[in-house]
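The block underneath contains the structure these notes are about, expressed in C-alpha cells.
Proteins come first, then strands; the chains are lettered A, B, ... in the order of their sequence lines, and each starts at number 1.
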Protein chains: 4
Amino acid sequence: MSDVAELERVADQGRAPGRRRDDATRRAILRAAFDIIEADGYRAFTIEGVAARSGAGKTTIYRWWPSKEALAVDAFMSEIGECGQGQDTGSVIEDLKATVVRISENLEGKTGRVLAAILGGGQNDLETSIQFRDRFMIPRRELGRATLQRGIASGELRPDLDVDAALEALIAPIYMRLLMRLGPCDAAWAQRFADTVIRGLVAHKPS
Amino acid sequence: MSDVAELERVADQGRAPGRRRDDATRRAILRAAFDIIEADGYRAFTIEGVAARSGAGKTTIYRWWPSKEALAVDAFMSEIGECGQGQDTGSVIEDLKATVVRISENLEGKTGRVLAAILGGGQNDLETSIQFRDRFMIPRRELGRATLQRGIASGELRPDLDVDAALEALIAPIYMRLLMRLGPCDAAWAQRFADTVIRGLVAHKPS
Amino acid sequence: MSDVAELERVADQGRAPGRRRDDATRRAILRAAFDIIEADGYRAFTIEGVAARSGAGKTTIYRWWPSKEALAVDAFMSEIGECGQGQDTGSVIEDLKATVVRISENLEGKTGRVLAAILGGGQNDLETSIQFRDRFMIPRRELGRATLQRGIASGELRPDLDVDAALEALIAPIYMRLLMRLGPCDAAWAQRFADTVIRGLVAHKPS
Amino acid sequence: MSDVAELERVADQGRAPGRRRDDATRRAILRAAFDIIEADGYRAFTIEGVAARSGAGKTTIYRWWPSKEALAVDAFMSEIGECGQGQDTGSVIEDLKATVVRISENLEGKTGRVLAAILGGGQNDLETSIQFRDRFMIPRRELGRATLQRGIASGELRPDLDVDAALEALIAPIYMRLLMRLGPCDAAWAQRFADTVIRGLVAHKPS
DNA sequence: CGGTAAGCGAGACGGTACGTCAGGTCTTGGG
DNA sequence: CCCAAGACCTGACGTACCGTCTCGCTTACCG
C-alpha cells in the first residue's frame, strides 16, 4: 500500500465499508414527510405514507430515524434552515420588537402548521420533544439573550431584569397562539404584543 | 306499569323510552381515561384500553364521545373541576401575581402531565383543540381580565394597556413551560416571571 | 328471569356473549386459500393474499388459524370432503387395487397439486405436518386395513402378513410420485404398481 | 510465457482472467447452510443467516446459487457424499433387503432431518425439486435396479416383474415415513418392510 | 510491472409479507 | 334504549428477508 493511500485511510479514520447512504433518498424522505404534515396534518403523517410518497422503502426510513417523531423534527428543521442573527439598529427596544416580529412571521403559513403538529405530536415521545426544544426553540430564544444583555448594559433596560423570564415572556405566547389557534401571528399582533411586554403593565407616575 | 313509574314518565315530559344512561359507567370511563393518560402517557391512551380498564364496552364509549380526544378533554375537565375566582386584595399587582402562581401550581403534578398530553394530542384533532381551548384555557385566562381592567381603572396599570396582549403574556409561558419541559412551574418561578411581565423590561428614568 | 330462560341458558352451558363467528367469512377464507394454492402455488400463498381475495381482514384469519400451514390444511380438507369407504367385491385383491386406483385418481389435478404443496410446506411447521397426517393421510390409509384383514381371514393373503408394512407399501408411493413429480398418478400406473406390491417380487416354484 | 503455462491455458480453454473463486468461502457457505437447516429447521434457513454464519457476503451466495433451494440441495449433497454401490452376496433377496436397510439408516439423524426439510421446501421451487430428484433420489433408487435385474435373470425374482414399480415400492415408503414422521426408519422396520414387499401380499397354495 | 477483470465483505436500497395493535362498526343476548 | 362481549374490516405499525445495487479492497492473469 502506498504512503498516500495509507495517509488517506488514516485521515478517513477507517471509513466503514459498504455502500454509502444515498443522499437523494434522504432528501426525498424529508421532503415527503414535510409535505404530508403540511398538506394533511400530523394525523395523516405515517411512515408508510412517507415511504410511498418518497419512493423509499420503509426499512430505509427506520434505518435512519428511530421514530416518526424524530423524522418529523428532521423534516421540519431541514425545511426552515438556519435561524439567522439578531440585529443591532441602535435601539435595543426596536431590535427586540423586530425579533419577535420575525419569529412570528416565520411561523405563519406552512412552517407554522407543521410546527404546531410537531409540537403536539411530540407529546407522544419524550426524546423528540427534547430534540425539538434543543434544536429549534432554544436556539431561537437565545437570539434575544444578547440583545437583552446589551440593553441592560446600555441602560435601556432595567438593570435588575431577569433575562430568562423576559425571554420566555417574549417567545412563549407566539408558539401558544399558534398551537391553540388563538389568532393569527401576524406582524401587527406581534408588534402590539412585544410592545406590551417590553413596556410592562404598570403605570409610571409622571416624572 | 306502576303508578310511580307512570308519574316519572309524565314528569320527564315524555322522556325517550328505554334504559337510561348509566352514570356509574360514565364515571368509570372518565376515570379510566384520566388514569391511563396520567400513568402511561397519551400514546398509551386508547379506546380499547379505556374499555378494558373501565369494564365498559367500546360501543358505549363511542356512543357518548365522538373521538378519543373528546374523551380526553372530558376526562381532564371532570378531574380538575371549576377554575375558581379571581381575588381582590386591594393591590391589583398582587392579585395578578397570585393568579399566575395559582395557575402554575395547579398544573404541577398529575394534572399538568395530563394537560400537556391533551394539548399535544389535540393537534390531531381540530375540534378537540378548540374544545379544550374554549372549555379550559380561555375561562382560566379570563380570570385575569377583570383584574387587569380594575387595575387600569384604579391607575395602577397603564391606561393604554392592551389587555389581550397582557393576558397572553401572563398565561402562555406557563403552558409552554409545561409543554416543552423548560423547567418546573413552581411558585418561585411564577413569581419571578409574573413580576418581570408586570414591571416590563424597560428602565425608567429617575423622576 | 323466567324458568324457561334459565333452562335455555343452562342448556347452552353459558354460551359466550357477543357476536358469533360469521360462517360465510370462514368459507370465503378457506376457498380463497385453496384457490391461491391451486392457481399460483404454495409460494404465492400468503395470509395477505388470502385476506385480500376473500375480503376478510388479516386479523380474522389470525383469530381462527394459528399459522398459514394450519389454514392450508383446513382449506384442503374442506375442499376434498370425506374419504369414502372401502369396497367389497368378493375379491380382496381386486378391492385393494381399486382402493389404490381410487386414491391415485383422487390426487390427480387440482387436489394433488394442493396436496403436494401442503405436504412440502408442512415441513416448516411440525404441528401442521402432524395434523395433516392425522386428518388426511392416516384415515385414507386405514381404508385398506379392514380389506387386508379380510384377505388374511379368507386365506387370500398371507396369514403372517405385516399389515402396517403392507399399508405403507401400498400408499406411500402414490404420495411420493406426486411430491417428486416422478410421473403421473393415473389409473394405469396405479394398477401396475398395486399389482406388483400385491404379488410380491419373488418367483414361486411351479407347484 | 512458459510452455507449461501456455499448455495450462490451452487446457483451460482460455480461462477467464480475474480472481478465482475462493473454495474456502464456498465450503463455509455450504457448511453454514447445512448446519442451519439441521439445527433450526428449514424455516430458519435464510440467505441472510447463511451469510452471517459463514462470514460471506450475500452477493457471493447469489453469485453462485440461483436460489436458496439450490443452495440447500448443494449443502445436502456435499454433506452426504457418494451413494455407494450395490452389493452382491449371492442372494438377490438379501441384497435388496440390505439396500433398503442401508438407505433407511442413512436417513436417520441429521441427514434425514435436512432431507425432509429440503423435500418439503422444494415444493416452493420446481427447479430444485427436480434437481434434488435427479441428483439424489434417482441415483439411489437405481442402485437397486441392477440387483432386481440380476434377480430376474437368476430366477429368484418373477420373470414378469415391473422393475420400476418394484423400485418405487421399495424406496418411497422410506422417504414418506421420514417426511410424515410416521415412525423411525430404523433397521428393524426396514427389514420388516422390505420383507413384506419382496414376498408380496398374496398367499401361495402349498405346492 | 502495470492494467484489467473478476471475486469478495459490507451494507444501503426498494420491496413484500409478516404478525400485532387499535380504530370504528356491527351483531348478539340480556337488563 | 342501554349495556358488555366480541367478531369484523381497515390501516398502520415495526421487523425480517428478499434480491439488487454500489463501494473499496483483494487476487490473479496478461500484455
Side-chain angles (χ1 to χ4, degrees), chain A residues 1 5 9 12 15-22 24-26 44-49 51-52 54-64 66-68, chain B residues 15-22 25 45-49 51-52 54-64 66-68, chain C residues 1 5 8-9 12 15-22 24-26 45-49 51 54-64 66-68, chain D residues 1 5 8-9 12 14-22 25-26 45-49 51-52 54-64 66-68:
Chain A
M1 187 186 288
R9 204 188 59 72
D12 290 358
R15 181 174 86 47
R19 185 172 172 177
R20 264 96 113 215
R21 181 169 187 182
D22 182 343
T25 294
R26 190 188 127 268
F45 169 59
T46 55
I47 297 282
E48 302 233 305
S54 67
K58 280 204 290 176
T59 322
T60 303
I61 300 176
Y62 283 113
R63 188 168 13 244
W64 300 111
S67 69
K68 71 178 198 171
Chain B
R15 185 174 72 56
R19 183 172 169 178
R20 259 100 107 227
R21 178 170 188 184
D22 182 342
T25 294
F45 170 60
T46 59
I47 297 284
E48 303 235 302
S54 67
K58 281 203 289 177
T59 324
T60 305
I61 299 175
Y62 283 113
R63 189 164 15 241
W64 301 110
S67 70
K68 72 178 198 168
Chain C
M1 186 190 289
E8 275 182 306
R9 204 188 57 74
D12 289 357
R15 183 175 81 50
R19 184 173 173 177
R20 263 100 109 214
R21 179 169 187 184
D22 182 341
T25 294
R26 190 188 126 268
F45 169 60
T46 56
I47 298 283
E48 302 232 304
S54 68
K58 280 201 291 176
T59 322
T60 304
I61 299 176
Y62 283 112
R63 191 173 4 252
W64 301 111
S67 68
K68 72 178 196 169
Chain D
M1 185 189 289
E8 274 183 306
R9 204 189 60 72
D12 292 355
R15 185 172 77 52
R19 182 174 175 177
R20 263 102 108 221
R21 180 169 186 185
D22 182 343
T25 294
R26 191 189 126 268
F45 170 60
T46 58
I47 297 284
E48 302 234 304
S54 67
K58 282 204 291 174
T59 323
T60 304
I61 299 176
Y62 282 112
R63 186 163 18 239
W64 301 110
S67 69
K68 72 179 199 168

Problem set entry | Side-chain donor/acceptor of B:Lys68 to backbone N/O of B:Phe45, under 3.5 Å |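 Yes: the side chain of B:Lys68 pairs with the backbone of B:Phe45.
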Problem set entry | Touch class at under 4.0 angstrom, heavy-atom based, for B:Ala56 against every strand present |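 The residue B:Ala56 makes sugar-phosphate contact but no base contact.
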Exercise. Under 4.0 angstrom, heavy atoms only, what part of the nucleic acid is A:Gly55 near: base, sugar-phosphate, or nothing?
Worked result: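 Sugar-phosphate contact only.
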Problem set entry | Side-chain donor/acceptor of A:Lys58 to base of E:dG15, under 3.5 Å |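 A donor-acceptor contact between them is absent.
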Exercise. Does D:Arg19 make a side-chain donor-acceptor contact with the base of F:dT26, cut-off 3.5 Å?
Worked result: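 A donor-acceptor contact between them is present.
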[X] side-chain proximity, nearest of [options]:
| X | options | result |
| --- | --- | --- |
| B:Ile47 | E:dG24, F:dG19, F:dC13 | E:dG24 |
| D:Arg21 | E:dT27, E:dC8, F:dG24 | E:dC8 |
| D:Trp64 | F:dC18, E:dG7, E:dG9 | E:dG7 |
| C:Arg63 | F:dC29, F:dC8, E:dC13 | F:dC8 |

For [N], does either OP1 or OP2 sit under 4.0 Å from a side-chain N or O belonging to [X]?
| X | N | value |
| --- | --- | --- |
| D:Thr25 | E:dG9 | yes |
| C:Thr59 | F:dC9 | no |
| C:Arg20 | F:dC8 | no |

For this session: Could you say whether C:Ser67 or B:Gly49 is positioned toward the 5' end of DNA chain E, judged by the nucleotide with the nearest heavy atom to each?
Result: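 The residue mapped nearer the 5' terminus is C:Ser67.
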Exercise. How many angstroms lie between CD1 in C:Ile47 and OG1 in C:Thr59, if you round to the nearest 0.5 Å?
Worked result: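 Reported to 0.5 Å precision, the distance equals 11.0 Å.
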For this session: Let me see the working for D:Ile61 and D:Lys58 under side-chain contact (heavy atoms from CB on, under 4.5 Å), right down to the final yes or no.
Result: CA-CA 5 Å; D:Ile61 299 176; D:Lys58 282 204 291 174; 5.6 Å; no
Just how far, in rounded Å, is [atom2] of [N] from [atom1] of [X]?
| X | N | atom1 | atom2 | value |
| --- | --- | --- | --- | --- |
| B:Glu48 | F:dA4 | CD | P | 15 Å |
| C:Asp22 | F:dC8 | CG | C1' | 8 Å |
| C:Ile61 | E:dT20 | CD1 | P | 13 Å |

Exercise. With a cut-off of under 6.0 Å to the ring centre and 45° to the axis, is D:Arg26 in cation-pi contact with D:Trp64?
Worked result: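 The answer is no, since D:Arg26 fails at least one limit relative to D:Trp64.
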Exercise. DNA chain F: A:Thr46 or C:Thr60, which has the more 5' nearest nucleotide?
Worked result: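 Comparing both residues, the 5'-ward one is C:Thr60.
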For this session: State, to 0.1 Å, how close B:Gly57 and B:Ala51 come at their nearest heavy-atom pair, and which atoms those are.
Result: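 Smallest heavy-atom distance, with atoms named: C-CB, 4.3 Å.
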